[in-house]
Amino acid sequence: MSAPTLEQFQQQVSELLLRHRSLLDVLSKYGQAGASVNRAVTKAVTECGCVELNARKQDYPEGVAWEEARTQLASHMEGDLCEHCKDVLKSELGKNLFYMSALCNLLNIKLEEVVDAESQKCSTLGLFNLT
Ligand SMILES: [Zn+2]
């Protein structure tokens, strides 16, 4: 089975969302889901240890080509997620997507349009899109 389109996914969410019809309920669940994503990443560092953090202030190199600057900037991270942490994180990201879709459903926003618009922005801004 191939991956569902965003439209299909959104439809699926709307069919399941009988219990979360309230905008307030969806908003708070969405916020919670975001916090759980952060928590899963944090636990990968502090409990599992598959990823290590080594962070310090970094200055943007000036006067160098952007491609080169990109290689000089650090992610402050070492290692890769282990299978367990990756599974947990994927599941939390999934919940995040679920409630994002639910929010879009309630507010009559097409997820596909959101992704399209953001993708347009990315291609317009190109490498300078830092945020
Ligand atoms: Zn891990």
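In what follows, every heavy atom counts, from backbone to side chain, and hydrogens, waters and symmetry copies are set aside. Start at 1 with the first residue, then count along the sequence. Counting starts at 1 for both ligands and their atoms, in listed order.
A donor-acceptor pair under 3.5 Å is formed between the side chain of Gln8 and the backbone N or O of Thr5. Side chain of Asn105 to main chain of Gln10: a donor-acceptor pair is present (N/O by atom type, distance under 3.5 Å, no hydrogens or angles).
The pair Glu83-Lys86 fails the salt-bridge criterion, with no side-chain N (NZ, NE, NH1 or NH2) lying under 4.0 Å from an Asp/Glu carboxylate O.
Around NE2 of His84, the count of heavy atoms belonging to other residues, nucleotides or ligands within 6.0 Å does not exceed 12.
Each protein N/O/S atom under 2.8 Å from the Zn ion (ligand 1) was counted, for a total of 4.
Scanning for salt bridge (Lys or Arg N to Asp or Glu O under 4.0 Å) contacts around Lys110 gives an empty result, with sequence neighbours left out.
Among all heavy-atom pairs drawn from Ser123 and Gln120, the shortest one is OG-O, 3.0 Å.
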